[in-house]
Structure formats: C-alpha cells, structure tokens
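Comments concern the structure below.
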Amino acid sequence: MLDPKFIKENIDYVKRKMKERGVTIDLESFLTLEEERKRIIREVEELERLRNTGSKKVGELKRQGKNAEAEKLHMELKLSSEKVKELEDKRTEIENEFRDLLLRIPNVPHPSVPFEKNSSGNVEIKRSGSPREFDFEPKDHVEIGKKLDILDLDRASKITGARFALYKGLGARLERALINFMLDLHVNEHGYEEVLPPFMANRDSFIGTGNLPKFEEDLFKVDGTDFYLIPTGEVPITNIHRDEIIDEEELPKNYAAYTPCFRKEAGSYGKDVRGIIRQHQFNKVELVKFATPENSYAELESLTKDATRVLELLELPHRIMLLSTGDMGFSSAKTYDIEVWIPSENTYREISSCSNFEDFQARRANIRYRPKGGGKPRFLHTLNGSGLAVGRTVVALLENCQERDGSVIIPKALVPYMRGVERIHS
RNA sequence: GGAGAGGUGGCCGAGAGGCCGAAGGCACUCGCCUGCUAAGCGAGUAGGGGGCUAAAACUCCCUCGUGGGUUCGAAUCCCACCCUCUCCGCCA
C-alpha cells in the first residue's frame, strides 16, 4: 500500500511509475475520494464533538438533580445522535472504498529499476559458471527421473492430478537433503533464524503481503474456512510481525523457513506442462528480512547473495537478473531474479526471486519499528527471496549433473546430506 | 465437537452505564538526592486519524479482542464472531 499523502503530493510521479509498470490506475478518482473522505471526517467529528459535550452535560445536570433541564437536553441530543449514526455509516462506506482502491495500487518501482513493459528489459547483473558442454545427448529431468526410478509423475497424477509429483527413493532423499542443506546454510552461516510456520494463512495475512484482494484466483482456498494454502513462505513469515512495533535495536530481523507452496497456476495452462518446473505444490526455503528504510537496499544485496550462495555451493551455472518495471511483482519496489541453467531447455530459468518491498507490505500489515532514542513509530521495510525453490533445484541438479550412463553425480556439498551417496544410478 | 472461565496501556491488574483513555503496581525516561551501587523523592511515558502548522506546540475524533446493537451517553448492557485457558470427548 502506498502512502496516500505521498500519492497526493507526487501525483505525476506516481502516474508515470504506474504507466512504466504497464498498469492503469484511476488516480483522479483516487484524489476525489481522498477529498471526499477528509470532508466527511471533518463533518462527522464536528457532530460527534457536539454530541459528546452534550452528553456529558446531561450527566452533570442529573447529578445536580436538575432533571427537567437534563430531560430537555436529552431530547435534543436524541435527534443529533441519529444524524451522527447516518454520517458514520457514510464515513465507513467511503473509507472502505478508499482502502479498497488503495489496496489495488501496486508498488512504485525504485529509480534504479530499468523501464520496460515486459521481461525484455531485464538486465543481467552477474553470471557465474558456464553451461556444460555435453559430449552426449543430455536428457531432461523427466527422463532421468524415470530411468533412475526417483520421480514418478504418472502415479502422482493418479493420486491427485496434473502438476503434482511423487518422489521416490533417492529422489525423495534428494529433495529432503536440499531442504536441510539450504536451511543449515542460511541458519548457521548466514545468520537467519529458523522458523516453521503454518502452511495456511487467513485473509488478513494475505492482504498484508499483497496477495489479496487482487490475486485470489492464484490461491487454493480451504473450503468452509477463511484460510488459504500459502503460495510461498513469504505470507506466513512476513505476517509474524503484523500489527507489531519492533525496537530498532532488533533490526534487521532475518528468518529462514522451509514450506511447501501451493499455487493454482491459473492462466499458465499451456506453459511448462512437462516435468516439475511448474507444479501446484512445490517445496521452497524462504528468506525474509525486516529492515530499517535506511538499510533495506543493502539488505536486498545481501539477501540476493545469500540465496545465490546455494547455487555456488551446488556448482550450478546461474545468473542474476535485475527485473524491469513491467516484469516485477505487484508489491515489489525492486527485484532480482536468480536464474539457473536448464540444459534441456537450453536456457536459464528462475529459481529465486529476491525483492525489496520497502514499506508497501509493512503499511498493509501494519509492521513498524520504534527508532532508537524513541519517537514516533515508522513503517519498516520488508524483503524476501527464495533460498531456493527446491523442485527446480532438483531439476537443475539432475540435468546439469547427469552422466552418459544416465547416472547423476551429487555435488560435494550435498553428499553429507545424502548420507554419503555420491552418485544416483539405476 | 461439548461444558466452563477469560481477553483492559510495554507488562501485571482495578473498573461493572456519565466524574474513565482508564486507579494502583512493575518496567522505562528525565530531574533531585545519597561519595559508587541499592533505596528514596518529583515529573513524564499507548496507537491511529482530522484541523492548524514550515515543523511542532495546540486542539478535536476514534481505539479497553473484532464487528454489530441498545442508549442522550458503553471498557461497563445485548448479539455474533475470533483468540486464550481449564475440564470432557475424539484424534496424530
């Protein structure tokens, strides 16, 4: 959520930024509504003031035994009280409308974000490792997984449906090994606090991170409740501190968590239908930071670095992309995508997305901090990034580390987590 | 799922239609005092929104779990929901 005051005072800037994002927001009607809101607040408060002082007077008169006078005033107030109620209804209506509109306005991109309406404007920041030259025809992860009997997509679709996976044997162990490896790295070496949050969250939490009210069609709702399955750990973790005021001394707060993620993937029916690149359920290790506005961009860099470290230790070729205005998520002010090399697709694919939301989520979720030495609470900045998407890491690993004989060599860093298994073969 | 108890400021806790944004305590901050420390004395310490401001000061409105209702007036009465605790049932 943007600061209404900021919108008002920088209307042209905000308009331009929205345009760069490729979204159309009716900011004129926003301003009108904002005026209307203030007008009615003034009106209601004036009436309430009169009623309050009047009511107090009635009490005083009664205590003094002047019942006739009290009764007279009482009758007068009865009328104005009705008026107050009417106006309050109107006020609620307008404030709701105002809030609804505000909740549907995306974040303003940071000035360092390149302007382009789509992903063609993304800028490569860094590349690490180079795609392997195979001296044989490499297979894709589906084939590898099938041959090694570690990935069974046919049976998964029997159990549930398309876009679900059944891992078996060393495949299941590999998934679990990666989760533990990533968590240990972030917790023990990068200083994140490990948490294990609920995998469902309520509506308020989703509004807090910006997934609602706009993106309901992407979510699985749990029937008969107000809960949704989380599409990312970002939702429960960011909401750990909803409606809280944190002392500045405690910032930055860094959390790491493993969660499964559930996504409807509506609108991507034709995309990535083969394999486990795009699933309705997948595992992820998520990193979330709460930082001061002064430090949040430095924290974005270190967050991205922490996530990238996983790929470095796994020795997987990857690159870091700075997303352009048109390719960023709704809540983000600046986003780096980390992309890993996928041999079967002969391209890099997103495996992590690291964003600074500035105070956009904090404002929605009401997360503030008290500055050192006291003073008014301020909204803090929230950040998050995958560290990493586990399913896609498996894909990258199987494909990049495959051998001519169909076996897969486990990267050294992961071997201890595989209970010493150095190679998966049939 | 059933029965009961309860949700009040940073924390503990009183208040049971008007004198209550709220006693008292703890904690914290500032000042005084005591050679340091402890104790003592005095003052202060919630959040949001509106008006006025360059900004404050100031002032008004809202907030006692949330939302509705009754009333001239609600922390206090009524209804619904949420959450916590205890007991019973069921369950990993």
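Values below: every heavy atom of this structure, side chains too, minus hydrogens, waters and symmetry copies. Per chain, numbering begins at 1; letters A, B, ... match sequence-line order.
Rounded to whole Å, atom C1' of B:U70 lies 13 Å from atom CD of A:Glu82. A straight line from CZ of A:Phe98 to C1' of B:G49 spans 11 Å, rounded to a whole angstrom. Distance, A:Arg39 CZ to B:G49 P: 21 Å, rounded to whole Å. Counting to the nearest Å, the P atom of B:G51 and the CD atom of A:Glu46 are 14 Å from each other. Atom CG of A:Asn366 and atom C1' of B:G49 are 13 Å apart (whole Å). One can place CD of A:Glu43 at 14 Å from P of B:G51, the figure rounded to the nearest angstrom. Between the P atom of B:G48 and the NZ atom of A:Lys376 lies a distance of 5 Å, rounded to the nearest Å. Regarding A:Ile40, its CD1 atom lies at a distance of 13 Å from the C1' atom of B:G50, rounded to whole Å.
Atom name P, nucleotides B:A3 and B:C79: the rounded distance is 15 Å, in whole Å. Using atom C1' as the reference point in both B:A38 and B:C20, the two lie 37 Å apart (nearest Å). Between the P atoms of B:U76 and B:G7, the separation comes to 12 Å (whole Å). Comparing B:A43 with B:U84, their C1' atoms are spaced 37 Å from each other, to the whole Å. Rounded to a whole angstrom, the distance from the P atom of B:C11 to that of B:C90 is 39 Å. Atom name C1', nucleotides B:G65 and B:G6: the rounded distance is 11 Å, in whole Å. Rounded to whole Å, the separation between the C1' atoms of B:G17 and B:C72 comes to 12 Å. Rounded to a whole angstrom, the distance from the P atom of B:C60 to that of B:U37 is 42 Å.
For A:Glu45, counting side-chain heavy atoms from C-beta on, the closest listed nucleotide (B:G49, B:C62, B:C72) is B:G49. Listed candidates were B:G48, B:G51, B:C72. Nearest to the side chain of A:Lys38 is B:G51. Set against B:G47, B:G73, B:G49, the side chain of A:Ile41 has B:G49 as its closest nucleotide. Among the nucleotides B:G49, B:A46, B:C19, the one closest to the side chain of A:Arg37 is B:G49. In this structure, the nucleotide among B:C72, B:C61, B:G50 sitting nearest to the side chain of A:Lys62 is B:C72.
The phosphate of B:G73 (OP1 or OP2) has no side-chain N or O of A:Asn52 nearer than 4.0 angstrom. Not one side-chain nitrogen or oxygen of A:Arg49 sits closer than 4.0 Å to the OP1 or OP2 atom of B:C61. OP1 or OP2 of B:U71 has not a single side-chain nitrogen or oxygen of A:Ser81 nearer than 4.0 Å. For A:Arg51, a side-chain nitrogen or oxygen approaches OP1 or OP2 of B:C62 to under 4.0 Å. Within the structure, every side-chain polar atom (N or O) of A:Lys5 is placed at least 4.0 Å from both OP1 and OP2 of B:G49. Within the 4.0 Å cut-off from OP1 or OP2 of B:C82, not a single side-chain nitrogen or oxygen of A:Asn202 is found. The shortest distance between the side-chain N/O atoms of A:Arg42 and the OP1/OP2 oxygens of B:C61 is not below 4.0 Å.
Comment: A:Lys372 does not engage A:Asp247 in a salt bridge, judged by the lack of any side-chain N to carboxylate O separation of less than 4.0 angstrom. Remark: A:Lys8 engages A:Glu35 in a salt bridge, criterion side-chain N to carboxylate O under 4.0 Å. Salt-bridge check for A:Arg263 with A:Asp218: failed, with every basic side-chain N at 4.0 Å or more from each acidic carboxylate O. Note on A:Lys17 versus A:Glu20: salt bridge recorded, some NZ/NE/NH1/NH2 to OD/OE distance being below 4.0 Å.
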Encoded 5' to 3' (Watson-Crick or G-U under 3.5 Å; [ ] crossing; | other strand), RNA chain B becomes ((((((((.[[[..)..(.....]]]((((((.......))))))((((((......)))))).[[[[[..)....]]]]])))))))....
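RNA chain B is contacted by both A:Glu60 and A:Glu95; A:Glu60 maps to the nucleotide lying nearer its 5′ end (nearest heavy atom per residue). Between A:Thr92 and A:Ile245, the one whose closest nucleotide on RNA chain B sits nearer the 5' end is A:Ile245.
By the 30° and 60° cut-offs, the orientation of the rings of A:Tyr297 relative to A:His110 is tilted.
Of the candidates A:Asp337, A:Thr335, A:Thr232, A:Thr304, A:Asp337 is the only one forming a side chain to side chain donor-acceptor pair (under 3.5 Å) with A:Ser353.
Put simply, the side chain of A:Leu398 does not reach to within 4.5 Å of the side chain of A:Gln402, judged on heavy atoms.
Residues A:Tyr192 and A:Tyr255 keep their aromatic ring centres 6.0 Å or farther apart.
Donor-acceptor pairing under 3.5 Å is lacking for the side chains of A:Asn107 and A:Ser331.
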